[in-house]
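Below is one structure; the comments refer to it alone.
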Amino acid sequence: MKIKFFFNFKLTCIACLGLSVFSCSGDTPDDPTNGNEPEENKVTLSIVDKQATLETKSLYSNLWTIGQQGFMFGHHDDLMYGRKWYNEQGRSDTKDVCGDYPAVYSLDFAELSDDRHEGNEETAIRKRCILEARDRGMVITACAHWNNPLTGGDAWDNTSDQVVVEILKDGSDTNMKFKQWLDRIADFVLALKDNTGRPIPIIFRPFHEHTQNWSWWGNRCTTEQQFINLWKFTVDYLRNTKNVHQLLYMISPQMDSQKTESDFLFRWPGDDYVDVIGMDCYQGLSPTVFAGNIKTICQLAKKKMKPCGVSETGVEGFTASDYWTKQILSPATGRSLAFIITWRNKFVGGNDSDNHYFSVWKGHPSEKDFIKFYNSSITYFCNDLPNMYEMAEGVEVK
């Protein structure tokens with residue numbers, strides 16, 4: 001296991017010594033507080049759900065704290081399948097390479113809730129993976145590529161600008177259908193319990209990449225106010241109507257090119273409706289763009305006093321042997337970023353010509369570089385995590 005230091009210090013690795021030294025961003029040896037943080041320096045975070053469970057508030061506090069020290073590595077569907085395997089309990093492409101699971105497990109709630117839910121065998125697999133992830137102490141986040149509830153098309157069916165209008169029309173067929181989808185998510189989430197019987201917190205990021213035009217909730221099909229109303233409707237329904245109190249709500253605009261703070265705030269639903277600021281960033285092999293957007297999101301997160309992270313990234317079919325240290329680690333170094341999550345490695349079986357993968361796997365050219373990435377003092381994997389479900393010191397969540 002790597003040694004992690006849970007203080008507000010930045011670590012600089014001295015390769016020639018094989019050790020880490022501290023460059024303090026807070027206390028110094030001459031600090032009269034002697035390392036005891038004054039009460040006025042305690043951090044107070046505001047959570048969307050004031051009735052959130054203690055574990056959910058604790059997770060929120062730890063997202064903030066981790067972000068001041070390094071970042072958690074995550075991978076979408078990492079526990080469910082990999083490039084060469086499917087539904088093998090305990091398996092992980094990440095673990096196959098570095099011997100440890102990612103710190104963050106990402107999955108999709110759409111198929112267990114929309115019109116594909118009936119008889120969907122993957123629902124049980126997803127539940128198993130969530131329970132295993134929580135048992136290991138991992139962080140869990142879920143997106144939702146919902147089908148179009150008006151047209152019956154998929155998530156990328158943007159042929160109608162009436163879908164959100166109909167969702168927000170109380171009592172309409174589309175409104176009733178979408179609420180049924182949310183009912184299924186509520187039922188699924190409320191049934192998630194850890195090994196002590198406590199609810200399992202999930203970071204939920206509905207309507208991701210809302211800044212783009214390809215989804216039915218995107219900027220082609222909705223006005224700014226319609227999107228904001230849809231976001232609030234969804235949060236209010238899950239929190240107030242269904243009494244789900246184990247969700248943190250993450251927004252995740254698409255940020256592939258260099259962006260400004262105003263781009264991140266495009267269609268912002270309000271501080272009271274967002275817990276975590278994310279971004280989906282598919283910038284290609286452009287660490288400068290990635291670094292710039294990480295700097296911007298971290299600056300915004302500091303202003304908003306909300307944890308932030310990269311909710312999706314990666315390069316499809318990449319082969320660069322130095323990908324992890326050059327394209328991911330270097331741009332994120334020195335920033336207050338809680339996590340970076342790579343997109344999935346599609347299960348392809350023996351079809352090696354299918355290059356739909358975004359992370360490392362056994363036999364990939366970047367294996368050795370990933371080990372360097374794993375061994376960095378600022379990257380957090382499963383075994384590096386503190387107890388994410390106990391309140392972090394010096395952080396209050398209200």
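- Two residues are said to be in side-chain contact when any heavy atoms from C-beta on lie closer than 4.5 Å; M80 and Y86 meet this criterion.
- No close placement of the F73 and Y380 rings is indicated, their centers lying 6.0 Å or farther apart.
- Here CG of N148 is found 8.5 Å from NZ of K177. Values are rounded to the nearest 0.5 Å.
- Taking the six-membered ring where tryptophan is involved, the planes of F227 and W231 are tilted, since the angle between them lies from 30° to 60°.
- Residues Y60 and Y249 keep their aromatic ring centres 6.0 Å or farther apart.
- Geometrically, R184 does not engage F109 in a cation-pi contact, judged by NZ or CZ lying under 6.0 Å from the ring centre and within 45° of the ring axis.
- Side-chain N/O atoms of D369 and T325 include a donor and acceptor closer than 3.5 Å.
- Each of M72, E55, M138 was scored for a side-chain contact (heavy atoms from CB on, under 4.5 Å) with M388, with one residue passing: M72.
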inquiry  = Walk me through whether K306 and D275 qualify under salt bridge (Lys or Arg N to Asp or Glu O under 4.0 Å).
reply    = CA-CA 6 Å; K306 298 180 184 295; D275 288 310; 5.6 Å; no
inquiry  = For D256 and Q283: C-alpha separation, side-chain torsions, deciding distance, then whether side chain to side chain donor-acceptor pair (under 3.5 Å) applies.
reply    = CA-CA 5 Å; D256 293 349; Q283 71 286 347; over 6 Å; no
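- Heavy atoms from other residues, nucleotides or ligands lying under 6.0 Å from NZ of K302 number 12 at most.
- Side-chain contact check for P386 versus N62: some heavy-atom pair is nearer than 4.5 Å.
- Crowding of K326 atom NZ: a count of heavy atoms from other residues, nucleotides or ligands under 6.0 Å not exceeding 12.
- Looking only at atom types and distance, the side chain of W181 has no donor-acceptor partner in the side chain of S113 under 3.5 Å away.
- Using a 4.5 Å heavy-atom threshold, the side chains of C382 and P102 count as separate.
- Salt bridge D194/R134: present, at least one basic N to carboxylate O contact under 4.0 Å.
- Two residues are said to be in side-chain contact when any heavy atoms from C-beta on lie closer than 4.5 Å; N87 and R128 meet this criterion.
- At a cut-off of 3.5 Å, with distance as the only test, a side-chain donor of D263 or T260 sits close to an acceptor on the other residue.
- Partner of K346 under the side chain to side chain donor-acceptor pair (under 3.5 Å) criterion, out of N355, D77, D354: D354 alone.
- W146 places a side-chain heavy atom less than 4.5 Å from the side chain of P206.
- D96 and K362 make their closest contact through O-CD, 3.6 Å (heavy atoms, listed as atom of the first residue, atom of the second, distance).
- Between the side chain of Q246 and the main chain of V189, a donor-acceptor pair closer than 3.5 Å is present.
- A donor-acceptor contact under 3.5 angstrom links the side chains of T53 and T56, judged on distance only.
- To the nearest 0.5 Å, atoms CG (L79) and OH (Y101) are separated by 7.0 Å.
- Under a 4.0 Å N-O distance rule, the pair D271/K304 qualifies as a salt bridge.
- No continuous path of hydrophobic side-chain contacts links W343 to F373 [ILVMFWY only; heavy atoms under 4.5 Å].
- Taking the six-membered ring where the residue is Trp, the centroids of Y323 and F318 are separated by under 6.0 Å.
- Checking E316 against Y357 by side-chain atom types alone, no donor-acceptor pair falls below 3.5 Å.
- The shortest distance between side-chain heavy atoms of M255 and D280 does not fall below 4.5 Å.
- Evaluation of the salt bridge (charged side-chain N to carboxylate O under 4.0 Å, His left out) test over residues 135-162, restricted to residues two or more places apart or in two chains, returns E132-R136.
- A110 and A144 get closest at one heavy-atom pair: CB-C, 4.0 Å.
- Interatomic distance, I341 CD1 to S311 OG, rounded to the nearest 0.5 Å: 6.5 Å.
- No continuous path of hydrophobic side-chain contacts links I228 to Y237 [ILVMFWY only; heavy atoms under 4.5 Å].
- The residues D352 and K84 are annotated as salt-bridged, a charged nitrogen and a carboxylate oxygen being separated by less than 4.0 angstrom.
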